[in-house]
Each structure stands twice: as structure tokens, then as C-alpha cells.
Amino acid sequence: MAAIMIESLEGRVGSVVTLQGWLQQKRASKGLIFLVIRDGTGLVQCVVNQRDVDEHSWASASTMTQETSLTVKGEVCVDERQIGGVEVQVSGLEIIHLVSDYPITPKVHGVEFLMDRRHLWLRSRRPWAVMRVRNCVIMSIHNFFQERGFLQMDAPILTQNAVEGTSTLFEIDYFGSPAYLTQSGQLHGEVMAMAFSKIYTFGPVFRAEKSKTRRHLTEFWMIEPEMAFYDLDMNMTLAEDFLVRVASDALRNCEDELELLGRDLDALRRVQAPFPRISYSEAVELLRSDKTKRLVEVKIDALHSEKSDLEKERVSNKSNYGQLKEWKKRRVDAREIEINARLAQVQEELRNLPRWWQSAAEFEWGGDFGGSDETLLTWHFDRPIIVHRYPEAVKAFYMKRDPEDDRLALGMDVLAPEGFGEIIGGGQRADDLAFLEEQVERHDLPREAFEWYFDLRRYGSVPHSGFGLGLERTVSWICGLEHIRETIPFPRTLGRLTP
RNA sequence: UCCUCGGUAGCUCAAUGGUAGAGCAUGCGGCUGUUAACCGCAGGGUUGUAGGUUCGAGUCCUACCCGGGGAGCCA
């Protein structure tokens, strides 16, 4: 009999099936063992009753340890208490490989410990949910563009071009000459847009930024659509439709996964067009306004009352401690650890918020937004927002200038709500040869390397636009994750290149 | 590079300058419906490294190493 995948068990109530998988968890009492089996498509509890199985199967179930691989046979039964509503009454089982000392035990682990064992951690429930959402987001992206007639193209990874300065590029030796790992497929995307009108890239990019934050990877996947004959407004509308699609596909296909991750689904349901569009100048005003000040004050008050509640609870727990029974003391000890961890978090936020407000209040027109500024901006809205028309100095050399105000570039960023920040950056590209030549000179870029790019403006130049979406930041937002390193199977960060 | 927090048992964390502990994991025993099961017993430690202060240092001081978070930069 061929093995059945766990995800298809619901439709097989009453029939006898064979499953193959790994033991995720075991609970035993006299004459009865509960095995939770994982096969990548889901989890199912298998009940081994000593009365119903032969001696060999019973012995196997008894000795079995976490992550032992096995084949199990049994009848699918309805049990409302289980996830998926079914469990398997085991009639026989066979160990394939018995494990001893699997390092990731069913308890809380620290980040470093888990990252060092990422190759095993990926078997756990949270990574399972995240990787399934990532897969869903990837399919959603392809479907969105394919349905709209975009051509998928692969930009080169090895390149000579430094699109936004060389300080953040990984340099390699290319047969004796310097070359770089690409940090964007955009320039090559523009080439293909002039050949196919609407294209998108989907590939890895590399940034040698020495950033150690929850938003940064040195290797990540970027999606960059590029459209001939699109102006800034059309570009923004496309980005909007795109994110609405990604969020709704995730809600439709990954509700279980998102719930396992504790995601607030209502926040995702609010991702509907139109997104608020505000200009950079309006955003600056908003940052400096009393509205932002009040928002910060409300947050600070909430944190203060949470802090005093936690401290009160800690004191009252301590005062009763002596009279408690042993098992209750352990409860209190565990709760104390929880309280301490949350208090540390609250304390850090309380330290940060006044600084954030300070820097927002003193923000001067012309600068680029920092992470805290973006967070404060998104707190004003319940869905993603689009900020457009930035000062040209903070944007890339290839951005088109605003015909109505030469100080501005026709760039736009999409900021995800709930503090997740920038997930899309893009804009309308400069289509005038003389302007681009001047820009390359002003930015001190090697002119020779851009000759082929200039050709696009020599032969049938048209208005065109595009944007780049960071896949991992998007998955992070959809899943509601604290840290981007959980969104990619093998994250590459400052100081981590293994596993 | 800078700022900030941390490093104690396999893991997560406790411990006014005064005898290093708990939970989980592991092993053994108990329990026929468990949901991070529960109950009993047992083993498990060079408190990151090197110095210093002190009658006495996990705790205080100095330097270094490693890690978390943040700034800059960015998706």
C-alpha cells in the first residue's frame, strides 16, 4: 500500500492507511502511547493501544524518540479534539531510523542555538508555517504578473555595474578583473522592458551592508517589475493591486499557517485598495505634527500602565510565594521569567519612543526617513501607504525628475502597516539621455559601464516605471514575524554563513 | 564603526558580595485519552576568557572574545 500524506487524511475517515514520517512528540501512559507524526504536509496524532498491536510494534512505540523516522499503519478516526479533526488508531508500526538526543527539544530555545541548527529547526512548526506562506507568496507573485501578460526574466547575478555605489557590493575576482554580485536586476530589467513592454525579474540580490537588524539580510530575493509606457501613477496602482493580491492569496491559502503564527488576520483583511498616497512633503509635515505627538503619547501611556501592572503582579506573586504548594511555585517561577522578558521589551520601547518622537519632530525636509520615521508614519494608517515624490538627493541617479518641481524625483515607496516599514521601492525612470549622462558624472560612476544602458535612451526611449519588492520583508509582514531571518530557509546575515 | 543589553547544567532562566538552584530534556519507576500530559526518584556545573578589588566574587572593577537589539544604509 502506498503511503498517504497527512493533509489528505480528513477525507479518509474509516479507512486503513499507511503513513511515513517523523515523530514530533510523544506522550505515554500505561498501555497507551500517543505519537504525533509529521510528514511535511501536516501533523496527526497516532494512538498506539497495547491491546491492538503486536509486541514488536509496542516495543517500537515505547522506545521511539523525537525525530525518529517511521512507517505507521492504522484506521483514520474522527476525534474533534485533534487538529484537523482526525487521529489514527494504530494497528502496526515500524521504526526506519531510531534517533538519540535530538537537540531541538519541545521547549523555548534561544536565537543563536536555533540558528546554529537551522538545518534541523526547519522541521519545527513555526518554520513549517513560514515556509508554506513563503511558497504561497511566491506563487501569488508569479500568478499576478503572468495573468497580466508580464514576461518573467532572469537578470545576471555577476555584474560590473554599481547601481547605487560600491560600498555595499560584494566584490569578486572575475578572471583577474573585479566584478560584483548584483544588488538589483533593474537596469537589465529596463532592457527587457524595451523588448517586451512588461517584464519582471525574480532573483537573488546581494547587499554588503553591515546592518545587524531585524530587517536585513545580505542575500535576499527581489521581484522587480518594469513597464514601458507606465508613469508614476500607473506604477503606484500596479504596486497596490499587487500587494492586495498577495495578502488575499495568503489569507485564502494559508489561514492555518497564519493562525499558528499568531497573525492578526483582520490586519491582513484590511489590505484593500486604495492605499493612502501621500507625498514626501506631506509625510514630513505629518511626522512633525501634533497628531504624531499624540500618537506617541498614547503609546507611552499604554506602555507605562502595562509596566506597572507587570511589576505589581511580580510583587504580589513574591509575597505569597512561601505558602504555595511546590507545583504552584513552579508556575510562579515560569511566570516570573515571562514577566521579566516582557518588562525588558517594554523598557526598551519606553527608551526608544521619546527618541523617535524627538527625531520625527525635528525632521528637516530633504533628509531620508529612518526606520523609526517609517514606523511612526505607518501608525497613522490601517493599511499599506505609498509615499511619493522624494527629494532627488535621497533617490537613485536613474529616477526621473518631477516636471513640476525639479527638487523632486518621481520615486515611491510602499510602507507596510503595523511598523513593518518599507517593502517596495521604485519610481519612474529618467528617459532623457543628456540628463542620465549628467547624473552618472555627478555620482562619479564609471561611464563606460553604462554605455549599453544609455543605448535604451538613444533608440526608442519611452516613459517607463518599475519597482522592487523584497520577498523576505513581504513574507515577514504577511506572517507578522519579528525577524526577517525566519522568512528564508538559510538566512545570510552579518556574521552568519552556515548552515 | 558607534550606542545598548546580555553570556550560570544539553536548553531556557533564577540566585542583597556569604552553602550555585528550578523547569524542560535524558535515564529509571508509576498512571488506559494525553494535547509543551502528569506524579516520584536519579545523574548532570572550571558561572565566556584573562587579570584585579575583597576575609570571601556568578555578583564589583579593567581588558578582550562571543551573541541579541538599534543607529548609519537599505528591500
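Applying the 3.5 Å distance criterion, the base of B:rU34 shares a donor-acceptor pair with the side chain of A:Q45. Between the side chain of A:Q89 and the base of B:rG33 there is at least one donor-acceptor pair of N/O atoms closer than 3.5 Å. Below the 3.5 angstrom threshold, one finds a donor paired with an acceptor across the side chain of A:Q82 and the base of B:rU34. One can find a donor-acceptor pair under 3.5 Å joining the base of B:rG72 and the side-chain atoms of A:S211. For A:R27 and B:rC31, a side-chain-to-base donor-acceptor distance below 3.5 Å is absent, hydrogens and geometry of angles not being considered. For B:rG69, the base has no donor-acceptor partner in the side chain of A:E482 [N/O atoms by modelled type, under 3.5 angstrom]. In this model, no side-chain donor or acceptor of A:D101 finds a partner on the base of B:rG10 within 3.5 Å.
Judged by Watson-Crick or G-U wobble contacts below 3.5 Å, the nucleotide B:rC38 has B:rG30 as its partner. Taking a pair to require two hydrogen-bonding distances under 3.5 Å in either a Watson-Crick or a G-U wobble arrangement, B:rU53 remains unpaired. Across all strands shown, B:rC66 is found opposite B:rG6 as a Watson-Crick or G-U wobble partner, with both distances under 3.5 Å.
Checked for salt-bridge contact, A:R245 and A:D241 miss the test: no charged N lies under 4.0 Å from a carboxylate O. A salt bridge links A:R123 with A:E67; the closest basic N to acidic carboxylate O contact falls under 4.0 Å.
In this structure, A:F34 does not pack face-to-face on the six-membered ring of B:rG33, missing the 5.5 Å centre cutoff or the 30° plane limit.
When the C1' atom is used for both B:rU4 and B:rA9, the distance is 29 Å, rounded to whole Å. For the P atom pair drawn from B:rU53 and B:rU59, the interatomic distance equals 15 Å after rounding to whole Å.
For A:E422, whose side chain is taken as the heavy atoms from C-beta onward, the closest listed nucleotide among B:rA75, B:rC66, B:rU32 is B:rA75. Here B:rA75 is the nucleotide among B:rU32, B:rC66, B:rA75 with the atom lying nearest to any side-chain atom of A:L217. Listed nucleotides B:rU32, B:rU35, B:rA75 differ in distance to A:N49; the shortest reach to its side chain belongs to B:rU32.
Between A:F369 and A:Y280, the ring centre distance stays below 6.0 Å.
A:R485 has no side-chain polar atom (N or O) that falls below the 4.0 Å cut-off from OP1 or OP2 of B:rG67. At the phosphate of B:rG10, neither OP1 nor OP2 sits under 4.0 Å from any side-chain N or O atom of A:H109. Using a 4.0 Å cut-off, some side-chain N or O of A:R215 falls inside it from OP1 or OP2 of B:rA71.
The closest side-chain donor-acceptor pair between A:T168 and A:Q183 falls under 3.5 angstrom.
Both tests hold for A:R118 against A:W121: distance to the six-membered ring centre under 6.0 Å, angle to the ring axis within 45°.
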